[in-house]
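Just below is one structure, and these are the notes that go with it.
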Protein chains: 2
Amino acid sequence: MNIGDVAERADLPAKTIRYYEDIGLVTPARDPNGYRNFTETDLHRLTFVARARTLGFTIEDCRTLLALYDDVGRASADVKRVAQDHLDRIEEKIAQLHAMRETLSDLIHACQGDHRPDCPILSDLARTAYGGND
Amino acid sequence: MNIGDVAERADLPAKTIRYYEDIGLVTPARDPNGYRNFTETDLHRLTFVARARTLGFTIEDCRTLLALYDDVGRASADVKRVAQDHLDRIEEKIAQLHAMRETLSDLIHACQGDHRPDCPILSDLARTAYGGND
DNA sequence: CATAGTCCCTCCAGTCACTGGAAGGTCAAG
DNA sequence: CTTGACCTTCCAGTGACTGGAGGGACTATG
């Protein structure tokens with residue numbers, strides 16, 4: 001398979017696949033003309049990575065997960081730990097985003113959004129760090 | 001004020017403040033020895049940016065918000081639009097993260113996490129794209 | 001006056017995961 | 001033989017910093 005076919009079947013840009021080769025996630029063979037020649041296994045690894053990426057795993061996580069996938073003697077506990085760590089990071093991010101959302105939506109609701117300059121959003125941003133404790 | 005004082009008062013690394021100067025968010029004066037000499041106004045702009053960044057605004061947003069803040073003839077509607085766009089992006093990210101969280105936590109719950117190799121997490125990642133429609 | 005320690009300076013490189021583009025080689029069809 | 005679609009490599013840019021090298025400036029002490 002050429003890179004175009006793989007790109008379509010793995011639903012990944014060809015650029016990304018070349019990048020994944022660069023960083024060693026796949027190592028496709030080469031035709032005499034220099035074209036990459038992917039096997040079904042290569043494609044499978046790429047769809048694996050694509051799926052992991054949509055779940056938010058980092059490339060390093062993907063590398064680890066691929067290694068575990070290749071290791072028939074793996075312990076599922078190792079996989080679970082990678083996933084749990086990742087989930088923890090996601091929870092943390094969600095919490096941060098929730099905090100931002102709350103503040104932002106409060107400010108947006110408080111803002112008239114008209115032609116006048118007065119704006120609680122700017123007032124909030126411009127508040128000093130000691131804004132009201134004294 | 002030297003950069004160290006500003007760093008402490010704005011709760012920003014000195015490195016970051018230099019970077020903000022590089023990209024034109026502040027333009028502190030210079031002492032004859034080359035040291036940056038920040039005014040209270042500079043500090044105020046930096047705390048403004050710091051606050052905006054904790055609310056997740058991009059640097060470009062910060063640039064826009066600072067310009068609006070400086071413009072006494074601004075319309076609050078302009079500020080509100082920037083904030084609303086940002087909130088929309090946050091909502092979208094939260095939705096994505098929720099989707100990841102749901103899938104991940106399902107998979108993690110399904111995984112025994114023991115010494116055996118069988119693992120629904122890996123099975124999910126390794127599923128083919130046509131995984132069950134045929 | 002020398003020295004030590006703390007601050008400050010600039011410039012370069014790296015992060016993460018791609019993405020865009022230039023410049024050029026290869027292949028199948030007409 | 002040309003056109004167009006494909007493929008190749010290499011370089012640079014993204015966002016928002018961060019780390020480090022290599023060196024100058026200032027303050028306090030002996």
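Each chain gets a letter, A, B and so on, in the order the sequences are listed, and its residues count up from 1. Just so you know, these numbers use all the heavy atoms, side chains as well, and skip hydrogens, waters and symmetry mates.
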- Message: Return the OG1 to CG distance between B/T27 and B/D42, rounded to the nearest 0.5 Å.
- Response: 6.5 Å

- Give one of base, sugar-phosphate or nothing for A/I3, where a contact means two heavy atoms less than 4.0 Å apart. sugar-phosphate

- Message: Looking at C/dC9, I'd like to know if its phosphate oxygens (OP1 or OP2) sit under 4.0 Å from a side-chain N or O belonging to B/R36.
- Response: yes

- Take atom CD1 of B/I17 and atom P of C/dC7, then tell me their distance rounded to the nearest Å. 14 Å

- Check each residue of residues 53-69 of chain A for a non-hydrogen atom within less than 4.0 Å of any atom in DNA chain C, then write out the ones that pass by number, or none. A/R53, A/T58, A/I59

- Query: OP1 or OP2 of C/dC9 less than 4.0 angstrom from a side-chain nitrogen or oxygen of B/N33, does that happen here?
  - Reply: no

- Note on the structure: Span of DNA chain D engaged by chain B, first through last nucleotide within the 4.0 Å heavy-atom cut-off, is D/dA16 to D/dC26

- Lys/Arg-Asp/Glu bridge criterion (N-O < 4.0 Å) met for A/E60, A/R63: yes

- Look up atom CG in A/D118 and atom CD in A/Q112, then write down how far apart they are to the nearest 0.5 Å. 9.0 Å

- Protein-nucleotide distance (B/Y19, atom OH; C/dC11, atom C1'), rounded to Å: 16 Å

- Got a donor-acceptor contact below 3.5 angstrom from the B/R51 side chain to the A/A126 backbone? no

- Query: Is the side chain of B/D114 donor-acceptor paired with the backbone N or O of B/R116 at a distance under 3.5 Å, no angle test?
  - Reply: yes

- Item | Backbone N/O of A/D61 and side chain of A/H86: donor-acceptor pair under 3.5 Å | no

- Item | For the student: nearest non-hydrogen atoms of B/L12 and B/L46, plus distance | CD1-O, 3.9 Å

- Item | Angle between terminal axes - the helix from C/dC1-D/dG30 to C/dG30-D/dC1, 5 pairs each end, rounded to 10° | 30°

- Task: Measure the distance from CZ on A/R18 to C1' on C/dG20 and round it to the nearest whole Å.
- Result: 12 Å

- Query: A/Y35 has an atom OH; how far is it from atom C1' of C/dG25, in whole Å?
  - Reply: 7 Å

- Message: Do B/F38 and B/Y35 sit in one hydrophobic cluster, given that two such residues count as connected whenever their side-chain heavy atoms are within less than 4.5 Å of each other, even indirectly?
- Response: no

- Message: How many whole angstroms separate atom NZ of B/K15 from atom P of C/dC11?
- Response: 12 Å

- Query: So, are B/R81 and B/D78 salt-bridged, with charged N and O less than 4.0 Å apart?
  - Reply: yes

- Message: Does the plane of the ring in A/F48 sit parallel, tilted or perpendicular to the ring in A/Y69? Use 30° and 60° as the thresholds.
- Response: tilted

- Query: In whole angstroms, how far is the C1' atom of C/dC16 from the NZ atom of A/K93?
  - Reply: 11 Å

- Checking A/V82, A/I59, A/V79 against A/T64 for side chain to side chain contact (heavy atoms under 4.5 Å, CB included), the one that qualifies is A/V82

